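Remember, it's a predicted structure, so these values are computed and weren't measured experimentally.
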Amino acid sequence: MSSSPPLLLLSLSFLLLLPFSAVSAPVTLQLSRHPLPPHPDPLHRLASLASASTLRASLLKNRHRHASPRSSRSPLFPHSYGGYSLTLAFGTPPQQIPLLLDTGSHVTWVPCTSSYQCRRCSSPSATPIIPFLPKSSASTRLVGCRNPRCLWIHSPDLLHSRCPACNSTSADGCPATACPPYAIIYGSGSTAGLLMLETLALPGHTVPDFTVGCSVFSERQPAGIAGFGRGAPSLPSQLGLKRFSYCLISRRYDDDAAESGSVVLDPAKEDSSDGLRFTTFLNNSAAGADEGSPFSVYYYIGLREIAVGGKKVRVPHSALVPSPSGDGGAIVDSGTTFTYMAPPVFEPVLAAFVERVADRYNRSADMEDRTGLRPCFVLPLDATEVDLPELTFRFKGGAEMRLPLENYFVFAGPDRAAVCLTIVSDGNGATSSDVAGGPAIILGNFQQQDYYMVFDLEKGRLGFRRQSCLRSQRTP
């Protein structure tokens with residue numbers, strides 16, 4: 001990033017006004033598919049989602065490689081994925097701001113100030129960017145340089161060199177000197193701004209002094225983020241939630257703005273009698289040894305087996321369990337579109353599908369090149385139904401996620417001439433048994449369609465059940 005954004009931040013910091021409440025009952029918020037700019041070529045859109053999913057996986061796996069000295073510790077991700085958004089209200093009086101739900105990051109930030117700049121962002125035909133206006137809020141305060149919350153995004157060494165000495169015992173942490181600007185570098189974009197304390201207005205609840213990023217400059221990152229990952233800055237942590245849940249509406253309703261799913265903060269306790277299947281969250285030993293580890297943000301789950309057509313796929317054990325260095329293991333991520341598998345996992349899964357489909361459909365190298373997905377199979381012209389093997393994820397504790405066909409295959413080409421597997425990986429033909437760089441499996445939101453997902457933070461487990469996620473049809 002050029003030097004102009006930090007200078008812009010410093011000048012705009014003077015434009016901001018300078019002068020812990022827990023959720024006590026369930027709060028339900030509408031969760032919608034985040035609109036993307038229209039594109040006349042569906043194959044191009046599919047290829048863009050595949051590319052963005054692969055890029056996000058690369059960044060979640062290898063954050064240190066992409067970091068800059070002023071980068072925050074928030075996991076990095078591209079803008080052009082098929083995400084889900086909720087609307088939060090900040091300020092006094094409240095201002096409604098749509099944000100992307102992201103369980104793979106822990107910093108919440110909003111497009112901010114009337115001078116907000118977003119270069120090379122969505123086309124004019126997409127949803128317009130709605131910035132938060134600090135000047136219109138009576139409760140905006142900057143996070144001070146010595147405020148412990150400044151350490152959420154900056155290292156102690158940086159603050160020691162950038163923050164002047166201060167003997168104040170104020171909770172604001174020397175508010176006259178703002179916490180240094182943050183700059184988060186993304187694979188396809190970036191955002192930069194200042195941390196502020198602001199009132200968060202939820203239905204029936206008001207949360208003062210919620211820490212949120214006020215981004216005044218972004219590139220290819222028009223939408224703000226609601227960070228639902230692990231860690232002190234995350235929305236669940238700041239609200240003291242014991243659990244949260246979401247239900248992601250099916251992609252078949254992409255063009256129906258009237259339909260939506262939901263996210264619930266501190267929903268009622270549920271167990272297996274409610275049809276839920278549970279698996280415990282795993283601890284990444286590398287994250288436990290280093291609070292600044294990028295892996296400390298992620299929700300690791302105990303994936304035990306992958307089955308195709310009911311038959312177990314042989315994958316390296318090292319891919320399923322995080323190693324002492326932090327490599328391997330599976331995480332669940334609402335911000336990734338298509339599930340990612342490292343080559344040692346993906347290649348056996350790919351081979352299993354090809355083997356079980358070979359006697360029915362032919363592979364399409366042309367469609368694989370055009371979409372970036374594989375395998376793709378050509379369908380007969382007179383086909384009235386598709387016969388493909390079932391994909392199952394089996395977790396520790398006995399929970400199984402038996403995916404419906406529409407959650408792992410997508411039609412591609414004119415007149416639905418082919419179907420493609422919506423799982424991405426690195427490169428082609430990798431055969432190494434080693435899993436390098438972070439999680440080996442990232443369960444994306446395409447595979448979570450029409451699943452009720454419960455993040456039980458109190459008991460350290462993930463619960464799920466298949467159901468319609470339409471608000472009008474969801475299970476109470």
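- Under the 4.0 Å criterion applied to side-chain N and carboxylate O atoms, R141 and D209 are assigned as salt-bridge partners.
- Applying the salt bridge (charged side-chain N to carboxylate O under 4.0 Å, His left out) definition to pairs two or more places apart or across chains, those involving residues 232-243 are R243-E458.
- Using a 3.5 Å distance cut-off with no hydrogens or angles, the side chains of Y182 and S215 do pair a donor with an acceptor.
- Side chains of Y340 and D426 form a contact here, defined as non-hydrogen atoms less than 4.5 Å apart.
- Side-chain atoms of D450 come within 3.5 Å of backbone atoms of C469 as a donor-acceptor pair (strictly under, hydrogens ignored).
- Proximity of F210 to L235: side-chain heavy atoms (C-beta onward) are separated by under 4.5 Å at one or more points.
- The ring of F455 has its center closer than 6.0 angstrom to the ring center of Y299.
- In this structure a side-chain-to-backbone donor-acceptor pair under 3.5 Å is present from T103 to S334.
- Residue pairs that meet the salt bridge (charged side-chain N to carboxylate O under 4.0 Å, His left out) test with at least one member in residues 333-345, sequence neighbours left out, are R56-D333.
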**OP:** Please assess Y246 against V454 for the test side chain to side chain contact (heavy atoms under 4.5 Å, CB included), listing each intermediate value before the final yes or no.
**Re:** CA-CA 7 Å; Y246 59 71; V454 180; over 6 Å; no
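- For E355, there are no side-chain hydrogen bond (donor to acceptor under 3.5 Å, both in side chains) partners, not counting sequence neighbours.
- Listed here is the closest heavy atom pair of F278 and A399: O-CB, 3.5 Å.
- Of the possible polar contacts, none joining the Y361 side chain to the C376 backbone as a donor-acceptor pair under 3.5 Å is found.
- Taking F409 as the reference, F353 meet the ring-ring contact (aromatic ring centres under 6.0 Å, His included) condition, with sequence neighbours excluded.
- Judged as a salt bridge (charged side-chain N to carboxylate O under 4.0 Å, His left out), the pairs with a partner in residues 305-326 (not counting sequence neighbours) are, in order, E305-K312, E305-R394.
- Cation-pi check for R402 over F393 is not met; the charged atom does not lie both under 6.0 angstrom from the ring centroid and within 45 degrees of its normal.
- Taking 4.0 Å as the cut-off between side-chain N and carboxylate O, R360 and D387 count as a salt-bridged pair.
- Closest non-hydrogen pair, A319 versus V345, comes out as CB-CG2, 3.4 Å.
- When all heavy atoms of L391 and I423 are compared, the pair lying nearest together is CD2-CD1, 3.9 Å.
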**OP:** Would you check, one step at a time, whether the test side chain to side chain donor-acceptor pair (under 3.5 Å) holds for E406 with S250?
**Re:** CA-CA 9 Å; E406 60 267 25; S250 170; over 6 Å; no
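- Here R356 pairs with nothing under the side-chain hydrogen bond (donor to acceptor under 3.5 Å, both in side chains) rule; sequence neighbours left out.
- Side-chain contact between V349 and M341: present, with at least one pair of heavy atoms (C-beta onward) separated by less than 4.5 Å.
- Applying the salt bridge (Lys or Arg N to Asp or Glu O under 4.0 Å) criterion to R277, with sequence neighbours excluded, gives no partner residue.
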Between side-chain atoms of residues 91-100 and protein atoms elsewhere (two or more places apart, or another chain), which donor-acceptor pairs fall under 3.5 Å?
{"from": "T92", "atom 1": "OG1", "to": "S139", "atom 2": "OG", "distance (Å)": "2.8"}
{"from": "Q95", "atom 1": "OE1", "to": "L133", "atom 2": "N", "distance (Å)": "2.8"}
{"from": "Q95", "atom 1": "NE2", "to": "L133", "atom 2": "O", "distance (Å)": "2.9"}

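- In this view, R363 and E368 satisfy the side-chain hydrogen bond (donor to acceptor under 3.5 Å, both in side chains) rule, not counting sequence neighbours.
- Using a 4.5 Å cut-off on side-chain heavy atoms (C-beta onward), V110 and V212 make contact.
- By the side-chain hydrogen bond (donor to acceptor under 3.5 Å, both in side chains) test, S234 pairs with S237, sequence neighbours left out.
- Between W109 and T191, some side-chain heavy-atom pair lies under the 4.5 Å cut-off.
- The shortest distance between side-chain heavy atoms of M401 and T392 does not fall below 4.5 Å.
- The minimum heavy-atom distance linking A50 with G372 is given by the pair CB-O, 4.3 Å.
- Aromatic ring pairs are classed by plane angle as parallel below 30°, tilted from 30° to 60° and perpendicular above 60°; the pair F90 and F132 is perpendicular.
- The backbone N or O of A232 lies less than 3.5 Å from no partner atom in the side chain of H106, so there is not a single donor-acceptor pair.
- Side-chain contact check for T339 and Q447: at least one donor-acceptor pair (N or O, by modelled atom type) lies under 3.5 Å.
- Here the options are L265, D102, T108, the test is side-chain contact (heavy atoms from CB on, under 4.5 Å), and the partner is F228; only L265 passes.
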Original post:
Going through the checks in order, is the side chain to side chain contact (heavy atoms under 4.5 Å, CB included) test met by L202 and L88?
Top reply: CA-CA 7 Å; L202 298 170; L88 295 178; 4.1 Å; yes
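- When every heavy atom of P322 is checked against every heavy atom of Y300, the shortest pair comes out as CG-CD2, 3.8 Å.
- Side-chain contact between I153 and L195: present, with at least one pair of heavy atoms (C-beta onward) separated by less than 4.5 Å.
- With V410 as reference, L46 is the one residue of L49, L421, L46 to meet the side-chain contact (heavy atoms from CB on, under 4.5 Å) rule.
- Taken together, the cysteine pair C179 and C145 keeps its SG atoms at least 2.5 Å away from each other.
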**OP:** Report the C-alpha separation of V264 and F244 in whole Å, then their side-chain angles, then the decisive distance to 0.1 Å, and conclude whether the side chain to side chain contact (heavy atoms under 4.5 Å, CB included) test is met.
**Re:** CA-CA 6 Å; V264 183; F244 68 88; over 6 Å; no
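- By the ring-ring contact (aromatic ring centres under 6.0 Å, His included) test, F464 is found to be paired with F395, residues two or more places apart in sequence or in another chain being considered.
- Side-chain atoms of S272 never come within 3.5 Å of backbone atoms of L276 as a donor-acceptor pair (strictly under, hydrogens ignored).
- Residues E270 and Y452 bring a donor and an acceptor atom of their side chains to less than 3.5 Å of each other.
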Original post:
How far apart are the C-alpha atoms of T211 and R149, what are their side-chain angles, what is the distance that settles it, and do they pass the side chain to side chain donor-acceptor pair (under 3.5 Å) test?
Top reply: CA-CA 8 Å; T211 301; R149 300 188 189 198; 2.6 Å; yes
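- One finds a salt bridge joining R374 and E347 here, because a Lys/Arg side-chain nitrogen approaches an Asp/Glu carboxylate oxygen to under 4.0 Å.
- Of the options V332, N407, T336, L403, a side-chain contact (heavy atoms from CB on, under 4.5 Å) to Q448 is made by V332 and by none of the others.
- Between the side chain of D456 and the backbone N or O of R461 there is no donor-acceptor pair closer than 3.5 Å.
- Among all heavy-atom pairs drawn from Y408 and P389, the shortest one is OH-O, 2.6 Å.
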**OP:** For side chain to side chain contact (heavy atoms under 4.5 Å, CB included), just list the numbers for L303 and I441, CA-CA rounded to whole Å, side-chain angles, deciding distance to a tenth of an Å, and then say yes or no.
**Re:** CA-CA 9 Å; L303 182 60; I441 301 159; 3.5 Å; yes
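- Counting heavy atoms from C-beta on, the side chains of F411 and V386 come closer than 4.5 Å.
- D157 is linked by a salt bridge (Lys or Arg N to Asp or Glu O under 4.0 Å) to nothing, counting only residues two or more places apart in sequence or in another chain.
- Formation of a donor-acceptor pair under 3.5 Å by the K61 side chain with backbone atoms of P439 is found in this model.
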